[in-house]
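Can you read through this structure? Questions will come right after.
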2 protein chains.
Amino acid sequence: MGTSSRIQAGAVMGRKGEEKRQRIIDAANTLFYHKGFTATSFADIADDCDVPKGNFYFYFRTKEELLDAVIRDRSERLAGLLDDLHKDIPDPRARLHRIADVPFNDRHEVAQYGCPMGTLSAEIGKLTPFSQNALTSMYSLLLMSMHHCLAGMGLSHDDADHNARHMLTRLQGAANLAQTFKDENWLEAEIADIHDWIDSL
Amino acid sequence: MGTSSRIQAGAVMGRKGEEKRQRIIDAANTLFYHKGFTATSFADIADDCDVPKGNFYFYFRTKEELLDAVIRDRSERLAGLLDDLHKDIPDPRARLHRIADVPFNDRHEVAQYGCPMGTLSAEIGKLTPFSQNALTSMYSLLLMSMHHCLAGMGLSHDDADHNARHMLTRLQGAANLAQTFKDENWLEAEIADIHDWIDSL
DNA sequence: GTCTATACCTTGATAGAC
DNA sequence: GTCTATCAAGGTATAGAC
C-alpha cells in the first residue's frame, strides 16, 4: 500500500485519505469487472464510492494509474488467498484441487462477467502496455502456486511447468466460454474434468 | 447479405452502396478486434474506410447495429472456412487437426490482440445482450464442426459433445493467455498438446 | 488537504443541403 | 441517395476556492 501510493500521485495522505483512496479502488475494481475499463467512467465510480470525481486526481494522476492501483489491489488479495491455502492445506494435491475451485466458487459472477483478470487483460492488452507487468505478475502468482503443488506431487520441474500452464489455460478458457454462453454449467463441467485430470497425475 | 441489411436500417442501396457498406464493416471489424468495441469510435472507422462518419447512419441505425453486422460478417467467413475444410478434408481426424490449427495460423495477431471472437465476447457480454445471439451462434458453428469430426471418429454423441466443449475451452484459454503474456509460444505449446490429445482419442 | 466548478475534447447521433 | 455541418451529452482532466 505504501509502495503503490509512492508511484502514484505524490499525495501524502492521512488515515482518512488512505481510507478514501481505498474506497475509490474498491468501487473501480467492481465496475471495471462488471462494465469493463473503457466503459466505466469516473462519474460511475464517484456514484458508487461517495467521493467527488474531481477529487480522484488527488489520488491518481490518470485513469490508467487508477487501473494500476486496482490491479495491484487484486494481486494482493490473490496473494493472500494463495497464502491462506498454502497454510491451511499442506497436501499439494488437495491444495491444487482447491485452486481449481477458485473460479468455480464465483461461478455465478463468472458466468455473467467472465474472469476478473482474463476479461480485463483481454481489454487492456489491446489498449496500452501500461499495466501489462502488473497483470502478468498476477498470473505468475497463480502459475507459481500451481507449479509448487505439482512439484510437491512429485512432478519434475519441466512437467510441473507444462501442467501448470495447461491447467491455467483450461480455467481461463472455461471462464471465457461460461461468460459467452452465460452458462455456469460450462465452467462446472470443465472444472470437474480438471479435478479428474489432477487425480490422474 | 440481403438478409442482414433487411434487419438493419431500412436503406435500399445500389451496388455502390452495398460496397460502401461492406467497407465500413471491414474497417469496423479490424478496429473492434485491434482496439475493442467501446474504444473504437466512428471517427476511427471513418478514417480507415474513407466513408464520412455522418454517412454511417444511412447504413446502420446505431453502433450496436454495426457491431451486429460485423459479427454476422465474421460468422459468414467462419462458416465458409469450415465448409472449405469439410470439402477439402474428408478424414474427420485430419480435419479436426486443421480446426485446432485455425488460431495457430494467426498466432502473431492472436498474441497481440487475442482471439477475435473471445475478446469481443468478453467485452460485449458485460455491456448488452444485443449481439449475444449472433456471438453464441458463431461459437456453435465451431462446436458443431468439432462435434461432426469427433462423431466421425467413432465417438458417441455424448462423448463428442463433451470433447468438443473441452477442445474449444482449451483453444479459447490458450488464445487469452497468449495475449496476456504477449507470447505466441503459449498458443503454440497448448495447440501442440491438443494435437496429441486428438491423436489419443 | 479536500472538494467544487468548469474547461476542453470526443462521443454517438441528427438535420437538412445537395 | 450521399454527405457536410452540427448537435447535445458525457468523457477526462484542471484550476483554484475553501
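Quick note on labels: first sequence line is chain A, next is B, and so on, each numbered from 1.
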Exercise. For nucleotides 4-16 of chain C, read 5' to 3', which letter fits each nucleotide if B means a protein heavy atom sits under 4.0 Å from the base, S means only the sugar-phosphate is that close, and - means neither?
Worked result: BB-----SBBB--

Exercise. Hey, are B:E76 and B:R72 close enough for a salt bridge, meaning a charged N less than 4.0 Å from a carboxylate O?
Worked result: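 Salt bridge flag = no for B:R72 with B:E76.
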
Exercise. Between atom CZ in B:F58 and atom P in C:dA17, what is the gap in whole Å?
Worked result: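 Computing the B:F58:CZ to C:dA17:P distance gives 18 Å.
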
Problem set entry | Contacts of type salt bridge (Lys or Arg N to Asp or Glu O under 4.0 Å), residue B:D26, not counting sequence neighbours | B:R77

For this session: Report yes if a side-chain nitrogen or oxygen of B:Y59 is closer than 4.0 Å to either non-bridging phosphate oxygen (OP1 or OP2) of D:dT2; otherwise report no.
Result: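 So the side chain of B:Y59 is within the cut-off, an N or O lying under 4.0 Å from OP1 or OP2 of D:dT2.
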
Problem set entry | Pairs involving residues 36-59 of chain B, ordered by first then second residue, that meet salt bridge (charged side-chain N to carboxylate O under 4.0 Å, His left out) (sequence neighbours left out) | B:K35-B:D44

For this session: For A:R21 and C:dT2, give me the distance from atom CZ to atom C1', rounded to whole Å.
Result: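 Computing the A:R21:CZ to C:dT2:C1' distance gives 16 Å.
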
Exercise. Does any pair with a residue in residues 63-93 of chain A pass ring pair (Phe, Tyr, Trp, His ring centres under 6.0 Å), and if so which ones, sequence neighbours excluded?
Worked result: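 Listed by first then second residue: A:H86-A:H148.
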
For this session: Could you check how far CZ of A:F56 sits from C1' of C:dT2, rounded to whole Å?
Result: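 For the pair A:F56 CZ and C:dT2 C1', the rounded distance is 14 Å.
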
Problem set entry | Residues which pass salt bridge (Lys or Arg N to Asp or Glu O under 4.0 Å) with A:D193, listed by chain and number, not counting sequence neighbours | B:R165

For this session: Among residues two or more places apart or on two chains, list those pairs meeting salt bridge (charged side-chain N to carboxylate O under 4.0 Å, His left out) that have a residue in residues 83-92 of chain B.
Result: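 Output for this query is empty, none listed.
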
Problem set entry | Axis bend over the full length of the helix from C:dG1-D:dC18 to C:dC18-D:dG1, computed from five pairs that close each end, to 10 degrees |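 Axis angle across the helix from C:dG1-D:dC18 to C:dC18-D:dG1, nearest 10°: 10°.
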
Problem set entry | Residues forming a side-chain hydrogen bond (donor to acceptor under 3.5 Å, both in side chains) with B:T40, sequence neighbours excluded |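 B:T40: no side-chain hydrogen bond (donor to acceptor under 3.5 Å, both in side chains) contacts found.
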
Exercise. Does anything in residues 166-175 of chain A pair up under side-chain hydrogen bond (donor to acceptor under 3.5 Å, both in side chains), and if so which pairs, sequence neighbours excluded?
Worked result: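 Every pair satisfying side-chain hydrogen bond (donor to acceptor under 3.5 Å, both in side chains) with a residue in residues 166-175 of chain A: A:Y139-A:Q172, A:H166-A:R170, A:H166-B:E190, A:T169-B:W186, A:R170-A:E190.
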
